[in-house]
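To keep things clear, I will list the structure first and then write my remarks on it.
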Amino acid sequence: MVDVNRIVRGILSSAIDEKIVFYGPQEVNTLPVVSYFELSTTTGSCYDNKEMAQSSSVQIDVWSKSGAECADIAVRIDSAMQDKGWYRSLCMDLPADSGSVVTANTKVYRKTMRYKKQIILDMEE
């Protein structure tokens, strides 16, 4: 099994300049922020009782004070993820009250994207 979070963080780091955090932002005064986390990883395929590939899915969220800014960042992320062989399985805008860190005085826009990929594992031991 490979560390999918490390892979995704590397892709994001090379594609965007915005702050990147694991799971979600803790405060709204540092927006925009991009968060990521692994949704699931299962055995993709086996041969001779040995895992040869894993099937992984991740979620990436863009948090911003502007819907247009969310969209711009999401387009750059999508291009980078697809360039690395990840397939987008979902992309949608979420309402500000859907688990985000919203205060009474701040409206936070959020776009969520999900990606999946079959990762071939290194066979050298």
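Hydrogens, waters and symmetry mates are skipped; everything else that's a heavy atom, side chains included, is used. Sequence positions, counted from 1, serve as the residue numbers for this chain.
Closest approach of L31 to S64, counting heavy atoms only: CD1-C, 3.9 Å. Across all their heavy atoms, G67 and Y109 have their closest contact at N-CG, 3.6 Å. When all heavy atoms of E51 and G44 are compared, the closest pair comes out as OE2-N, 4.2 Å.
Follow the hydrophobic side-chain contacts under 4.5 Å out from V75 and you never reach V33; the two are in separate clusters. Under the 4.5 Å side-chain heavy-atom criterion for ILVMFWY residues, a single connected hydrophobic cluster contains both V2 and M81. Clustering ILVMFWY residues whenever any of their side-chain heavy atoms sit less than 4.5 angstrom apart, transitively, puts L39 in the very cluster that holds V34.
Judged purely by atom type and a 3.5 angstrom limit, D48 has no side-chain atom pairing as donor or acceptor with the backbone of K50. Distance alone, capped at 3.5 Å, places no donor-acceptor pair between the Q82 side chain and the A80 backbone. No donor-acceptor pair closer than 3.5 Å links the side chain of E38 to the backbone N or O of S56. Side-chain atoms of K117 come within 3.5 Å of backbone N or O of K84 as a donor-acceptor pair. Counting only distance, with no hydrogens or angles, the side chain of S66 and the backbone of A68 share a donor-acceptor pair below 3.5 Å.
For the pair D61 and K111, the minimum side-chain heavy-atom distance is 4.5 Å or more. Using a 4.5 Å heavy-atom threshold, the side chains of C91 and T112 count as separate. Contact of the K65 side chain with the V108 side chain is not registered, since no non-hydrogen atoms from C-beta on lie closer than 4.5 Å.
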Please step through side chain to side chain contact (heavy atoms under 4.5 Å, CB included) for the pair Y23 and S35, ending with a clear verdict.
-> CA-CA 5 Å; Y23 205 72; S35 62; 5.9 Å; no

Check step by step if side chain to side chain contact (heavy atoms under 4.5 Å, CB included) holds for V4 and I119.
-> CA-CA 9 Å; V4 174; I119 301 170; 4.2 Å; yes

Just do the side chain to side chain contact (heavy atoms under 4.5 Å, CB included) check on W86 and I11 with the steps written out, would you?
-> CA-CA 11 Å; W86 290 82; I11 295 169; 3.7 Å; yes

Where do I20 and S13 land on the side chain to side chain contact (heavy atoms under 4.5 Å, CB included) test, with the steps shown first?
-> CA-CA 8 Å; I20 302 167; S13 295; 3.8 Å; yes

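A salt bridge between R88 and D78 is present, with a side-chain N of the basic residue lying under 4.0 Å from a carboxylate O of the acidic one.
Between the side chains of T42 and Q54, not a single donor N or O lies within less than 3.5 Å of an accepting N or O.
Among residue pairs with one or both ends in residues 8-26, those qualifying as salt bridge (charged side-chain N to carboxylate O under 4.0 Å, His left out) are E18-R76; sequence neighbours excluded.
One distance of note links SG of C46 with CG of L121; it measures 9.5 Å at 0.5 Å rounding. Within the model, atoms CG of L12 and CD1 of I7 stand 12.0 Å from one another, a figure rounded to the nearest 0.5 Å. Here the CZ-CG distance, from R110 to L94, works out to 5.0 Å after rounding to the nearest 0.5 Å. One distance of note links OG of S57 with NZ of K116; it measures 9.0 Å at 0.5 Å rounding.
Residues forming a salt bridge (charged side-chain N to carboxylate O under 4.0 Å, His left out) with D83 (at least two apart in sequence, or on another chain): none. Scored by the ring-ring contact (aromatic ring centres under 6.0 Å, His included) test, F22 finds Y36 as partners (sequence neighbours excluded).
Exactly one residue among I60, L90, V58 makes a side chain to side chain contact (heavy atoms under 4.5 Å, CB included) with M113. That residue is I60.
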